[in-house]
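There's a structure below that I have some questions on.
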Amino acid sequence: MKIATFNINGIKARVNALSDWLDEAQPDVALLQEIKSVDENFPRELFEEKGYNVETHGQKSFNGVAILSKLPLEDVTRGLPGDPEDEQARWIEATVVGKQAIRLCGLYLPNGNPRPGPKYDYKLAWMERLHARAQELMAAEAPALMAGDYNIIPQDEDAARPEVWQEDALAYLDSRAAYRRILNLGFTEAFRARTQGPEHYSFWDYQAGAWNRNDGIRIDHFLLTPQAADLLVDCQIDKEIRGREKPSDHVPVWVELDL
DNA sequence: ATGCCACGACTATCGTGA
C-alpha cells in the first residue's frame with residue numbers, strides 16, 4: 001500500500017498539478033495539507049471520479065487537511081484532541097484496512113514564526129497535544145502513522161543552509177527538542193530509516209530562486225509506530241514535481257507499506 | 001534590514017506562509 005503526504009498550498013490553485021501527480025504516482029492514500037478551503041468548496045467529485053474516497057477537515061482561507069483513499073475510510077475523526085478552543089483545521093484521522101488495519105493521522109503542524117511570540121507558543125502547545133495523541137497510538141501497539149507537514153527541520157543536514165534557520169521556529173532548539181520528544185516515544189521516521197545524508201528536501205521557497213539553487217529544507221515527515229515500521233518497504237520524495245508548472249512549494253513524500 | 005513569491009480574501013491591498 002502506497003501512502004503519500006503532500007502540502008498542496010491551496011486546492012483551488014493545485015487542482016491540475018495534484019490530479020496529474022495522482023495519475024502518475026497512483027498512491028492508495030494521499031494525506032493533504034493546506035487545502036485552504038472550506039469543506040463545501042473542496043472539489044471532491046474530481047477525485048471521486050479517479051476512484052478516491054474523500055474526507056476533508058477544511059477552514060476558510062488557511063490551513064485545512066484532507067484524506068484521499070482508494071480504500072474505504074473508517075472511523076474518521078477531525079481535529080487534534082486536547083484543546084476545544086482550537087479552531088484551526090490541522091488534523092484528521094482515519095483507518096484503512098489492507099491485509100491488516102492501519103490508523104492514519106494527517107497533520108499540518110503550526111509554523112510558529114515569528115519566534116518568540118504567541119504563534120510560537122501555539123506551536124509548542126500544539127506539539128504537546130501531538131505528544132499526547134502519539135502516546136495513545138504507541139499504547140495501542142498496532143500499525144499507525146502520523147504524516148504531514150511538521151514544519152520541523154529535524155537536523156542541520158535537513159537544510160541546505162542550516163545557519164539561516166538556526167533561530168527560526170522550524171529549526172530552533174526547542175522545536176527540535178519537542179519533535180524528538182515525540183520520536184523518542186518509539187516512532188520510526190520513515191525517510192531516515194531508508195536514506196542517510198544531506199541534500200534531501202521536501203520544501204523550496206518560491207522566493208529568490210530557491211528551487212534552482214536547491215536551497216531546500218526537509219519538513220514533511222512520516223512517523224511510524226513499531227508495528228507500522230515492521231511493514232516499511234520504501235520511502236521516497238517526489239522531488240521532480242517541484243520543477244513543474246504552477247507547483248506547490250512542497251513536494252509529495254510517500255511510503256510503501258506491506259499491507 | 002527588508003523584500004524577494006505565492007495563495008486566498010476581496011477587488012487594492014493585506015495577512016500568512018517558511
Side-chain angles (χ1 to χ4, degrees), chain A residues 5-21 32-43 56-66 86-91 106-124 126-127 130 147-176 178-179 191 198-221 237 239 241-253:
Chain A
T5 178
F6 190 4
N7 179 323
I8 56 173
N9 190 17
I11 185 60
K12 201 171 150 191
R14 217 64 60 213
V15 158
N16 290 332
L18 175 59
S19 294
D20 290 349
W21 170 73
L32 306 179
Q33 301 90 41
E34 280 206 272
I35 64 173
K36 295 187 175 179
S37 159
V38 292
D39 295 333
E40 308 82 76
N41 291 345
F42 190 88
T56 60
H57 180 37
Q59 175 183 344
K60 190 181 177 181
S61 305
F62 308 117
N63 308 322
V65 288
D86 187 0
E87 311 247 313
Q88 300 191 32
R90 296 178 174 277
W91 181 267
L107 67 99
Y108 175 46
L109 205 148
N111 174 308
N113 284 305
R115 185 201 67 80
K119 292 194 174 183
Y120 192 64
D121 296 340
Y122 175 66
K123 178 175 195 158
L124 292 183
W126 202 93
M127 293 184 79
L130 178 59
D149 177 358
Y150 277 76
N151 271 317
I152 294 283
I153 301 167
Q155 304 195 105
D156 281 356
E157 66 176 359
D158 298 308
R161 296 188 298 155
E163 68 282 0
V164 168
W165 298 96
Q166 198 167 351
E167 299 297 319
D168 190 280
L170 276 64
Y172 188 61
L173 191 72
D174 294 352
S175 305
R176 287 181 171 178
Y179 177 73
F191 186 77
E199 294 180 26
H200 299 286
Y201 311 127
S202 66
F203 170 92
W204 295 260
D205 201 299
Y206 288 121
Q207 302 180 72
W211 167 248
N212 291 324
R213 295 186 292 114
N214 196 25
D215 180 12
I217 52 179
R218 197 176 67 88
I219 57 176
D220 299 270
H221 310 302
I237 301 173
K239 178 180 181 178
I241 296 295
R242 185 64 179 79
R244 295 191 177 177
E245 287 288 301
K246 219 167 150 45
S248 170
D249 38 11
H250 295 250
V251 296
V253 183

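Per chain, numbering begins at 1; letters A, B, ... match sequence-line order.
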Selection from B:dA18, B:dG15, B:dG8 that lies nearest to any side-chain heavy atom of A:Asn113: B:dA18
Rounded distance (Å) that lies between atom P of B:dG8 and atom CD1 of A:Ile8: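 Nearest whole value for this atom pair: 9 Å.
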First of A:Ala208 and A:Lys246 reached from the 5' end of DNA chain B, by closest nucleotide: A:Ala208
Parallel, tilted or perpendicular: rings of A:His221 and A:Tyr179 (30°, 60°): tilted
N/O donor-acceptor pair, side chain A:Asp168 with base B:dA18, under 3.5 angstrom: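 Donor-acceptor pair under 3.5 Å: no.
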Whole-Å gap separating C1' (B:dG17) and CD (A:Gln33): 14 Å
With sequence neighbours excluded, residues passing side-chain contact (heavy atoms from CB on, under 4.5 Å) with A:Asp168: A:Asn113, A:Trp165, A:Leu170
Per A:Ala13 side chain, nearest of listed nucleotides B:dA18, B:dG8, B:dT16: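 Of B:dA18, B:dG8, B:dT16, B:dG8 is nearest to the side chain of A:Ala13.
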Distance, rounded to the nearest Å, where A:Asn9 contributes CG and B:dC5 contributes P: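 Going from A:Asn9 (CG) to B:dC5 (P), I get 15 Å.
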Euclidean distance, atom CG of residue A:Asn212 to atom C1' of B:dC5 [Å, nearest integer]: 13 Å
A:Gln207 side-chain proximity, nearest of B:dT16, B:dA18, B:dC5: B:dC5
A:Ser202 to A:Ile219 - nearest heavy-atom pair and separation: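 Taking every non-hydrogen atom into account, OG-N, 3.1 Å.
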Touch class at under 4.0 angstrom, heavy-atom based, for A:Asp249 against every strand present: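 Counting heavy atoms under 4.0 Å across all strands, no contact is made by A:Asp249.
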Sugar-phosphate only, base, or nothing, as touched by A:Arg14 at under 4.0 Å among non-hydrogen atoms: sugar-phosphate
Whole-Å P distance, B:dG17 and B:dA12: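 Approximately 25 Å lies between the P atom of B:dG17 and that of B:dA12.
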Sugar-phosphate only, base, or nothing, as touched by A:Asn41 at under 4.0 Å among non-hydrogen atoms: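 Nothing: the residue A:Asn41, judged by heavy atoms under 4.0 Å, touches no strand.
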Whole-angstrom distance between B:dC10 and B:dG15, as gauged at atom P: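 Pairwise P distance, B:dC10 against B:dG15, rounds to 14 Å.
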Donor on one side chain, acceptor on other, A:Asn9 and A:Lys36, under 3.5 Å: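 A pair is found: one side chain offers a donor N or O, the other an acceptor, under 3.5 Å apart.
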Proximal nucleotide (of B:dA18, B:dC5, B:dT16) relative to the A:Tyr206 side chain: B:dC5
A:Asn111 side chain near B:dA18 phosphate (N/O to OP1/OP2, under 4.0 Å):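 For A:Asn111, the contact criterion (side-chain N or O under 4.0 Å from OP1 or OP2 of B:dA18) is met.
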Short side-chain N/O contact from A:Tyr172 to OP1 or OP2 of B:dA18, under 4.0 Å: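 Looking at the OP1 and OP2 atoms of B:dA18, neither is under 4.0 Å from any side-chain N or O of A:Tyr172.
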Position toward the 5' end of DNA chain B (nearest nucleotide), A:Leu170 or A:Ser37: A:Ser37
Under 3.5 Å: donor-acceptor pair, side chain of A:Arg242, backbone of A:Trp204: yes
Integer angstrom distance from the P of B:dT13 to that of B:dC4: 15 Å
Out of B:dG8, B:dA18, B:dG17, whichever nucleotide has its closest atom nearest the side chain of A:Lys36: B:dG8
Six-ring centre of A:Tyr172, A:Arg115 cation under 6.0 angstrom, axis tolerance 45°: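 Pair A:Arg115/A:Tyr172 counts as cation-pi.
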d(CG, A:Asp215; C1', B:dA18) in whole Å: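 Going from A:Asp215 (CG) to B:dA18 (C1'), I get 11 Å.
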Euclidean distance for P, B:dG3 against B:dG8 (whole angstrom): 22 Å
Closest heavy-atom pair and its distance - A:Leu18, A:Leu32: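 It is CD2-CD1, 3.9 Å.
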Rounded distance in Å between the C1' positions of B:dA18 and B:dA6: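 One C1' to the other, the span is 12 Å.
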Atom-pair distance (NE2 on A:His250; P on B:dA6), nearest Å: 15 Å
Sugar-phosphate, base or nothing in reach of A:Tyr150, heavy atoms under 4.0 Å: nothing
Euclidean distance, atom CG of residue A:Asn7 to atom P of B:dT16 [Å, nearest integer]: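 Interatomic distance, CG of A:Asn7 to P of B:dT16: 17 Å.
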Interatomic distance where CZ belongs to A:Phe203 and P belongs to B:dG17 [whole Å]: 12 Å
Euclidean distance for P, B:dT16 against B:dA1 (whole angstrom): 22 Å
